[in-house]
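So the structure is just underneath, and the comments pick up after that.
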Amino acid sequence: MRDIIELASIGLVSGLVIGLAALAVTLVFGIARFANAATGDTMTLGAYAALIGTAWTGSFLAGGALGIAAGAATGLLAYHFVFKKLEQRSSVASLLASIGVGFVIRAVLGLVFGHGQQVFQLPMVRPFRIYDIRVQPNDLKIAAAAIVTLVVVFLILHATPIGRRMRAVADDPMLAKVSGIAPKRVMIALWALAGGVSAVAGVLLGMKTVVSPEMGWEMLLPAFAAAVLGGIGHPVGAVVAGILLGVAQEVVSPLVGFTYKIALTYAVLLGVLLFRPRGLFGRNEGVR
Amino acid sequence: MEAYLVAIAIVTGIYVLLALGLNLQYGLTGIINFGHVGFFCVGAYTAAILSQHGVSLFITLPASAALAALAAWPLGLVSLRLRDDYFAIVSLGFSEVVRLIVTSERWLTNGVQGIPGIPRMFADLSGMSQASAVLGLLLVLNLVAIFAMRRMVSSPFGRMIEAIRDNEEAVKALGKDPARFKLRVLMLGSALAGVGGAVYAHYIGFIAPEQFIPLITFQIWMAIIMGGVGRVSGALVGTIILMVFMEGSRFLRDVLPFISEVEMASVRIGIVGLALILFTIHRPQGLMGDYTRK
Amino acid sequence: MTVTRRQTLAGLAGALSLPAFSGVSFAQAGGTFRIGALNPVTGAGSPYGSGMQKMILAAVEAVNAAGGAAGRKLEVFAEDTQTQPQAAVLAAKKLIEVNKVQAVLGTWASGVSLAVMPLTNEAGAILMNTSGAPALSVAPANAKGLGYRFQATNDRFGRAFAEIAVKEGFKRAATMAFNNASGIGNTEGFRKAWEAKGNKVVESVVYEPNQASYRGELQKVLAAKPDVIVTGSYLADTTIILREWFQTGENTKWIIPGWAANPELVKAVGNEVAEGLFSVDSVSNEQAPSFKVYDEAYRKAMNQGGLSNVYAAMTWDMVITLALAMEAAGPNADVAAINAKIREVANPEGTKVYSFAEGKEALKKGKINYEGASSVLDFDQFGDVTPDFGVSIVSKGTIERKYVVKI
Amino acid sequence: MTLRIRGMTKAYGGLRVVDDVSFEVSSTAVTGIIGPNGAGKSTLFSLVTGFLDGDAGSVSFADKDLSRASPMARARAGMVRTFQVPREFTHLTVRENLLTAAPNQSGEGLLDVFLRPGRIRQEEERIRAEADAMIAFLKLDRVADSPAGGLSGGQKKLVELGRALMTGARLILLDEPFAGVNPVLIETISDRVRELNARGIGFLIIEHDLAALTKLASVLHVMDRGRLIASGAPSVVLSDPQVRDAYLGGAAA
């Protein structure tokens, strides 16, 4: 039992990171209406920017802030130079272009930083125990950072005028247009927000693991899976699904074998889609 | 030099098979299949495992096609009714699951060690004549595929899949079930990928799970996007550009020695990315034009 | 704005004409022997590939500076395998067919070597690899005896691990392996040797790479209460696993292959975490003068100590060995004649030599035995070497060699 | 043949978009549904044709219960819809658009495509003749071989009508056939509907253009905020004060 609780808590932390990445995917999907494959590489970029920031200032928080700024800037640049031009076209065009954007980001990172691994120098601390459950201080930090980010994002979405407009566009683009919401401002807010969230996910992933040009790309699949599982375009769903997948992976994979850990994600995904074709929280949309 | 060119031509031929399959699925029917490499993998392993037991080439090729199509069947049945972009992600996951299965099930696939010593095709020939024979076989396979596809496109079946690509809901409104057609198309395209996988296995002679990563799928996508979706000529031209680009960058190295290999890898992926972006924005119909019939 | 087909085609044609002429520029150069440097510059082998390639170039420079081998200069054509068999096959084809190389040096990862070997065999070229898979030793892969392995097989690594575990008095060993041929090869080799000594492996886990966490895997292993964990792993996953392990509060010992447990790792995890790790490597023959020469070249090229990349020492030796064999075979010898001399210049009975220039001189007087930078380089009937294994322990952030194990 | 709708209900969140709607449509008549924007007309269409799952209610056509049937099955039962925004197959020609709709084509099976080309050719000739007749009837001759994506809005509506007819439908549900269509084409469409109705094909039409609709329909149903508020002959319904208030008042605002 103790093992399972520990595994679940491990999964929870991984799940929060996946959930953040999925949140970035789902925000873009809900409003710009395509699956953004550049999300993973935006994460990587955020992690590298945070590394630089930390090295410059010596402060991890300042580094993280630079990471977020870099992620947001990347989102805006990608919107301005690529996705804005594809707005009137099918979602597949944007999806394919986003793969291209991801490749370009990865190429630049590879050229600038090389392919070797880099790490965030976190203090390594031994765990403390609560009811005989091991709790790792670094996990707590990562989880806290993820939760703070989530709270901020949801505050932006629900308590600011631009956030409400974003949600309105997500709910019904036609309606939003009729009621006079300037889509351009919404799009700018969206891309800055999604880029920033990706960067946070990247920094947290980098703290847990190592930073390399491919790290974000490798996390893209789980992030997509979580976004779909949660019901694409549904922010709460993305986060919940990310946690669900993270926990399921850790708790179940000792039983089915660790080599099938990643496959578990898809098993869960397919299983849910069989019964809820639009994901856990997805609305049954009508004729599109 | 000739043998090298033939080698590239052979790999190109294999990729064209894959591109034709994807073109049928995406270009003609609108199925966003991001798991193409999974069926390539199934085909390659089918051929490798069968030929280890002494089964001849004339059986391994069709068997690979059949098994790849069969692998597509449950995937299509379960997920083709999902939204397009959901299917894209589920199929991507499917190809990863295929890779994990061949990695993990050592009793069948020899796991991560891979399967070495897969018999070559036309083994009684040697050198150039063997390579030319392989190329000839690929040419025949591709011609058969193209011929069959042309036949299909001009049939009521072809008309229907293009209708599905243009508007799936409207097809439903006419009382026809799009999923039925999409399932067949998914299986057919997968069969082509399977044949490609079989030829690949026999040609390279060694397969291991790490050869079947999603990057292959995206390369094929790039080929059909550049060449022009919905057109046989597009699949062909796009694949050739892809191969010339990937192989050409080797020679670029000889000319530009100041770019290190590590940087070259980044440059290569960067150019692929830029090409994807520029083509989707400025030349969405690809080099050979889009799928407007005529 | 849309670009017309004509414009696009014209642009592409322009871009492609560039490589077209490059083939010509390498036509016909008399009196040279062409070798291909086929290294994992990108992909999983990228931490080593650049160094491997540069050491081939550096060694060739040394050979040419000493007047070439049997009157011939060496010329290098470098290619990236991308650590992928398919890319490697095309690269090898290009090296063999376009650049007309007669030896291919430095393939890494068993999958790559296994895929390239049929091509070199067919072309009658020598293939010198740094891969671990046992299949490379025997037919069909090495049917023509043109393959040489400068790296210990995975089995030998496993045996060395077991020797060390016994010597250190461990009783309850567990294993963790990266899910690929090398990772599993190491831990399986260990299991065989360990069980042959009457011990038991208390738990073994195989993991997929590129995950956000390996804690589930760790927990399973730690639950069996091992006193030592033996890994077949790479740098990135080892970094993550060790950091996570430390934060579980357990005090297990680790035996890790040298390509993962290197200064990079210590830097990444920090001194406290790394304290007491066992790093096992085929001994780069570092007491030997040959290693010193190599080390100097490596520092110059990579700005790092030569110990940080055992494979680079191997590729260095490949060039020297090949050049010495050429020298021994005499002017204008063909590949078969050169191949016949490789064991002769590298194996015992003969004056020990440590560099090409030295060997060239000594060959005038009689038989030589090249003692390499990577190992003493004695090839058995399969073309495999049995290097000694160095056991290093990390202490206060430095990796210190404690002793050497012979198997 | 009659379409029977009973207790049809659909809610999004707390909002009942279609609220307990029941009525019958005869396949010998032209029936209209009117109502202000957001009254739930299009949603009702989707519910009836199976493109949306309702929360409650039943649908039957020609005494066959279709409440759980797929959109395809409902269409095959003889009840075919068009869309508010035309959904032509953009890359197919007008003729090909019509050809896709013909039911029971053996050429839609892959085996037959390769094994029985002769039979398919015969079938194609027959369907093609049918489609050409339809093209002439709908006055689409000039654009028969152009891709449908390039047509005007009204022509697209005609193509959709033609496709529905090619299926052999007994009852055709038109979603705003006159929206964005020029007056000349509105006349054409109206004429064709009348003529087809005379040949025994029923129509259920959602329309904003009251004038055009009242000239066509013999029965009108009025919806407001998800509910059916009036039914009957156009003259009677339009003079109903509740209707005037909900619909005409709403439209004027």
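Keep in mind that what you see is a predicted model, and the values were worked out from it rather than measured. All chains are named by letter (A, B, ...) in the order of the sequence lines, taking the proteins before the strands, and each is independently numbered beginning at 1.
- Minimum interatomic distance between G109(D) and R180(B) (heavy atoms only, all atoms of both residues): CA-NH2, 4.1 Å.
- Remark: E169(B) CD to R81(D) CZ distance equals 8.5 Å, nearest 0.5 Å.
- For T49(D), no part lies under 4.5 angstrom from a heavy atom of chain B.
- Annotation: maximal heavy-atom pairing with chain B below 4.5 Å, among A101(D), S70(D), A148(D), P86(D), occurs at A101(D).
- The minimum heavy-atom distance linking A75(D) with A173(B) is given by the pair CB-O, 3.4 Å.
- Residue E123(D): no heavy atom, backbone or side chain, is found under 4.5 Å from chain B.
- Atom CG of L110(D) sits about 9.0 Å away from atom CZ of F181(B), to the nearest 0.5 Å.
- Considering only heavy atoms from C-beta on, E96(D) stays 4.5 Å or farther from E162(B) through its side chain.
- Few gaps surround CZ on F137(D); more than 12 heavy atoms of other groups in view lie less than 6.0 Å from it.
- By the 4.5 Å heavy-atom criterion applied to side chains, V171(B) and T100(D) are not counted as neighbours.
- Atom CZ of R142(D) sits in a sparse spot, with 12 or fewer heavy atoms from other residues, nucleotides or ligands closer than 6.0 Å.
- Using a 4.5 Å cut-off between heavy atoms, I120(D) touches chain B through its side chain atoms alone.
- The CG atom of D166(B) sits 5.5 Å away from atom NE2 of H91(D), with the distance rounded to the nearest 0.5 Å.
- A salt bridge does not link R87(D) with E168(B): every distance from a Lys NZ or Arg NE/NH1/NH2 to an Asp or Glu carboxylate oxygen is 4.0 Å or more.
- Among L99(D), I127(D), V80(D), L173(D), the residue with the largest count of heavy-atom pairs under 4.5 Å with chain B is L99(D).
- Using a 4.5 Å cut-off between heavy atoms, P103(D) touches chain B through its backbone atoms (N, CA, C, O) alone.
- Summarising the local packing, CZ of R150(B) is surrounded by 12 or fewer heavy atoms from other residues, nucleotides or ligands at distances under 6.0 Å.
- Here the straight-line distance linking atom CZ of R121(D) with atom OG of S155(B) works out to 12.5 Å at 0.5 Å rounding.
- Looking at A169(D), neither its backbone nor its side chain comes within 4.5 Å of chain B, counting heavy atoms on both sides.
- Looking at K176(B) and E108(D), a side-chain N of the basic residue comes within less than 4.0 Å of a carboxylate O on the acidic one, giving a salt bridge.
- The part of L188(B) that comes within reach of chain D is its side chain, from C-beta onward, which places non-hydrogen atoms under 4.5 angstrom from that chain.
- In this structure, L92(D) CG and R159(B) CZ are separated by 8.5 Å, a value rounded to the nearest 0.5 Å.
- No donor-acceptor pair under 3.5 Å is formed between the side chain of N167(B) and the backbone N or O of F89(D).
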